[in-house]
There are 2 protein chains.
Amino acid sequence: MDFYQEKKPVLVALDCIIFGFDKKELKLLVIKRDFEPSKGNWSLVGGFLQPDEDLDISAKNLLQHLTGLSNIFMEQLHCFGNVQRDPGERVISVAYYALIKLEEHDQELVESHNGKWFTLDEMPDLIFDHNEMIMKALQRLRQKARYQPIGFELLPDKFTIPELQLLYEVIHQTNFDRRNFSKKILSKGILKKLNEKQKETSKKGAFLYKFDKKKYEALVVKGFNFEL
Amino acid sequence: MDFYQEKKPVLVALDCIIFGFDKKELKLLVIKRDFEPSKGNWSLVGGFLQPDEDLDISAKNLLQHLTGLSNIFMEQLHCFGNVQRDPGERVISVAYYALIKLEEHDQELVESHNGKWFTLDEMPDLIFDHNEMIMKALQRLRQKARYQPIGFELLPDKFTIPELQLLYEVIHQTNFDRRNFSKKILSKGILKKLNEKQKETSKKGAFLYKFDKKKYEALVVKGFNFEL
DNA sequence: TATATTATGTGTCTAAGATACACTTAATTT
DNA sequence: AAATTAAGTGTATCTTAGACACATAATATA
């Protein structure tokens, strides 16, 4: 059964770019690396592919291990494979990015792993090609947010239209007209209006909405394309 | 220097989905596999990552080896990593897709490697998860063609508007109105009209154009977005 | 108690772009 | 000389994006 006898295996790492939104800014989770090489430096959450684990499963496990979350939006980003990317030895890394709802994750667990959330501005230098990974993930997030309703993955289950708008403004680094934004997003017919109001941010309070995933998926089948 | 001593390396394969356009249909290049397992079955062009080669370089070399082409559009598609995807042993595969100009590639070289071009309809069953890879590459091509001028990678340097339209119709499996299509594509200002006519397909003949890459890139810098 | 303040919610007008559609032109075939 | 075929171009209409203004709910302030 040794079909590929003469081929040389290499180490396969997994790295994960984890996005969160704290109602004001986009944040990324990084950790202080606790093993050599580059021990003590900031790094993406990472690990190694186990020979008996599917790649995607391995990535999910990695994330669950750090945040306590399962069932989150997670997608493969890119496989980084330059020869010298890891000074330790030849390691290629398959990077994933995840969008999580900040209020649902296990803060203590994160802290116990020396994890910390940074905004892009505050982000320290990371090891190896991890800065590059973040840049690529950001591009992907921006691109993807334009034609798929992934913004909701970063918000609580219940959110207001102004909150949603702010998120998209932060992602795309721009400003939208309030009236046009709500008109557009509501016209898609993929939001369920609730009878509750969120009163934390304004005197008047804003109505809460939920993303109607089933309705969205039904529309997609009919050829609907989300586009912001 | 043995930092990752306890980690287990795995084999990393490379597979390439190669698209071509023969003035009528979209085609894909596959080969008859000449080694076990699954020897004699149809497969994507593939190989193994060499420990001393960058991943991207390795993929380019693979393609050049088979088609004789360098300097072609090639992008990483996805890393496929299910445990049982290769019955031989644990092998993860980084898939790339390439868009090539059919008339420029080395036909004899391809044939000497048992390569053959198939349309999607005629495509035989491929080994392992290669069918899945093709499906994913197709999705990517369709998605990408919508907002980036990659169609030109599949056409000769000189092409006519009707040819370009047909290509996009084939990619998107739809029909466009001739007048609206040419109006739209010409309005982008990224095509150079030549003083020659292509007379093979019609009595009247159609003017030849070239994709003006420099102009396109200059426009991109100014915030221009190609969108079909 | 009345008024000011602040963010939310909604309606309209305009301009630009997408789409539908018809005639002319160049060159070959009959 | 007439018919055929694909190419090239113009216009009218409809939809959508974008700019913009006023009304509303609830608290804060005078």
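Numbered from 1 within each chain, the chains take letters A, B, ... in sequence-line order.
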(message) With the threshold set at under 4.0 Å for non-hydrogen atoms, list the residues of residues 154-165 of chain A touching DNA chain D in residue-number order.
(response)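 Hits under 4.0 Å, by residue number: none.
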(request) Output the single nucleotide from dA27(C), dA26(D), dA7(C) whose closest atom is nearest the side chain of Ser202(A). (result)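 Out of dA27(C), dA26(D), dA7(C), the nucleotide with an atom closest to Ser202(A)'s side chain is dA7(C).
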(request) Tell me, please, whether Phe21(A) has Lys27(A) positioned over its six-membered ring: NZ or CZ under 6.0 Å from the ring centre and within 45 degrees of its axis? (result)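 Ring-cation test returns no.
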Please enumerate all protein N or O atoms sitting under 3.5 Å from an N or O of nucleotides 10-14 of chain C, with distances to 0.1 Å.
| residue | atom | partner | partner atom | Å |
| --- | --- | --- | --- | --- |
| dT12(C) | O4 | Lys183(A) | NZ | 2.9 |

(message) Check Lys24(B) with Asp22(B), please: is the shortest side-chain N to carboxylate O separation under 4.0 Å?
(response)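 Looking at Lys24(B) together with Asp22(B), the answer is no, because their closest N to O distance does not fall below 4.0 Å.
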(message) I want to know whether His113(A) and His65(A) have ring centres closer than 6.0 Å.
(response)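 Yes, the ring centres sit under 6.0 Å apart.
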(request) Decide if the gap between the ring center of Phe152(B) and the ring center of Phe159(B) is smaller than 6.0 angstrom. (result)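 Yes, the ring of Phe152(B) comes within the 6.0 Å limit of the ring of Phe159(B), centre to centre.
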Take the protein atom [atom1] of [X] and the nucleotide atom [atom2] of [N], then report the distance between them rounded to whole Å.
X	N	atom1	atom2	answer
Glu227(B)	dA18(C)	CD	C1'	12 Å
Asn225(A)	dA18(C)	CG	P	16 Å
Gln198(B)	dA27(C)	CD	P	14 Å
Lys184(A)	dA19(D)	NZ	P	12 Å
Asn195(A)	dA25(D)	CG	C1'	16 Å
Glu200(B)	dA7(D)	CD	P	13 Å
Lys197(A)	dA7(C)	NZ	P	15 Å
Phe176(A)	dT16(D)	CZ	P	19 Å

We want to know whether [X] and [Y] form a side-chain donor-acceptor pair, criterion being a heavy-atom distance below 3.5 angstrom.
X	Y	result
Glu75(B)	Tyr96(B)	no
Glu227(A)	Gln148(A)	no
Glu169(A)	Gln165(A)	yes

(request) Report yes if a side-chain nitrogen or oxygen of Lys203(A) is closer than 4.0 Å to either non-bridging phosphate oxygen (OP1 or OP2) of dA28(D); otherwise report no. (result)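 Result: no.
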(message) Using a distance-only criterion (donor-acceptor N/O pair, under 3.5 Å, no hydrogens), is the base of dT5(D) paired with the side chain of Lys204(B)?
(response)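 Side chain to base: no pair below 3.5 Å.
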(message) Tell me whether the rings of His105(B) and Trp117(B) are parallel (<30°), tilted (30 to 60°) or perpendicular (>60°).
(response)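 Perpendicular, since the angle between the ring planes exceeds 60°.
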